[in-house]
Amino acid sequence: MQPASCPPANSTELLTRAQQLAGFTLGELAEMANISIPANFQRHKGWSGQLIELWLGAQAGSKPQQDFPELGIELKTIPIDDFGKPLETTYVCYAHLTGIAGIQWQQSNVFNKLSRVLWLPIQGSRDIAPAQRQVGSAFIWQPSTRQNQQLQQDWEEIMDKIAMGEIEHLTARHGEVMQLRPKAANGQVLTTAVGADGQQIKTRPRGFYLKKNFTAAILKQAFALPPQSP
DNA sequence: CCTTGATCATTT
DNA sequence: AAATGATCAAGG
């Protein structure tokens with residue numbers, strides 16, 4: 001068993017590849033891929049995601065698009081506890097803070113990224129060493145009508161405040177299922193945004209994140225037992 | 001600096 | 001304990 005050498009041809013192949021990783025530990029997958037394993041993630045926060053990208057044949061990179069553009073599918077690993085509940089929020093994409101007037105939800109990066117997602121749960125409790133963390137069962141998700149509405153509502157509220165020059169009043173407390181939070185290498189990084197009087201200001205870069213309540217519902221739905229036949 | 005991969009660490 | 005705000009690494 002070894003990492004994929006090319007991108008999957010279709011979504012079925014992608015899902016099959018992902019599901020074949022179930023039950024392996026990150027340490028086993030790293031060893032088979034000839035990659036060194038960090039003792040912790042303090043300085044390797046994106047390690048799991050990049051390891052899985054390698055295994056699934058994602059054309060690695062930091063391009064602002066889906067991981068599998070031909071399939072229209074985004075890959076997200078998600079750390080879960082012993083009860084299958086998410087341990088962290090889920091990063092969606094970078095948030096542009098200027099030139100956003102007139103952008104519609106259906107044309108947004110968030111909508112595009114979340115239109116189809118391959119979720120891969122991975123044990124994430126800090127008392128389990130990275131090498132020992134087990135990969136769970138992957139599944140492909142598309143937002144339901146209601147989930148799309150929840151996302152759209154949060155997105156529109158947040159984007160409206162950004163456009164109105166209220167970025168400095170926007171906190172992670174805004175949004176029911178999705179929030180805006182800092183996203184940068186450190187607090188010294190600054191980008192341009194719109195100020196209260198429409199002038200240009202400098203502020204910390206931000207990104208969109210899915211809150212745990214939202215991803216917990218996705219996981220619950222995916223792993224709910226189907227109705228039993230009598 | 002922008003954007004990806006996220007988790008860490010401090011505050012509530 | 002949970003949530004918010006801050007941070008680490010790498011490619012472009």
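We name chains A, B, ... by the order of the sequence lines, and we start the count at 1 in each one. Only heavy atoms go into these numbers, but all of them, side chains included; no hydrogens, no water, no symmetry mates.
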Does A/E31 have any salt bridge (Lys or Arg N to Asp or Glu O under 4.0 Å) partners at least two apart in sequence or in another chain, and if so, which?
-> none

Between [X] and [N], is there a side-chain N or O to OP1/OP2 distance below 4.0 Å?
X: A/T191; N: B/dC2; result: yes
X: A/T77; N: B/dA6; result: yes
X: A/K113; N: B/dT4; result: yes
X: A/R204; N: C/dA6; result: yes

Donor-acceptor pair under 3.5 Å, A/Y209 side chain vs B/dA6 base = yes

Toward the 5' end of DNA chain B, which comes first, A/L190 or A/Q65, by nearest nucleotide?
-> A/L190

Closest nucleotide among [options] to the [X] side chain:
X: A/E53; options: C/dT7, C/dT4, B/dG5; answer: B/dG5
X: A/Y94; options: B/dT4, C/dT4, C/dT7; answer: B/dT4
X: A/C93; options: C/dC8, B/dC8, B/dT4; answer: B/dT4
X: A/Q42; options: B/dA9, B/dG5, C/dA3; answer: B/dA9
X: A/R43; options: B/dG5, B/dT7, C/dA9; answer: C/dA9
X: A/P79; options: B/dT7, B/dC2, B/dG5; answer: B/dT7

Under 4.0 Å between any heavy atoms, over every strand shown, what does A/G46 touch: base, sugar-phosphate, or nothing? Just pick one.
-> base

Heavy atoms under 4.0 Å, any strand shown: does A/K76 hit a base, just sugar-phosphate, or nothing?
-> sugar-phosphate

Find the distance between CD1 (A/I218) and CG (A/L114) and round it off to the nearest 0.5 Å.
-> 8.0 Å

Exercise: do A/Q149 and A/Q153 side chains pair donor with acceptor under 3.5 Å | no

Does any donor atom in the side chain of A/K212 or A/T89 lie under 3.5 Å from an acceptor atom in the other side chain?
-> no

Hey, does the Lys NZ or Arg CZ of A/K183 hover above the aromatic six-ring of A/Y94, less than 6.0 Å from the centre and inside 45° of the axis?
-> no

Contacting residues from residues 168-185 of chain A, given that a heavy atom lies under 4.0 angstrom of DNA chain C | A/T171, A/A172, A/R173, A/Q179, A/R181, A/P182, A/K183, A/A184, A/A185

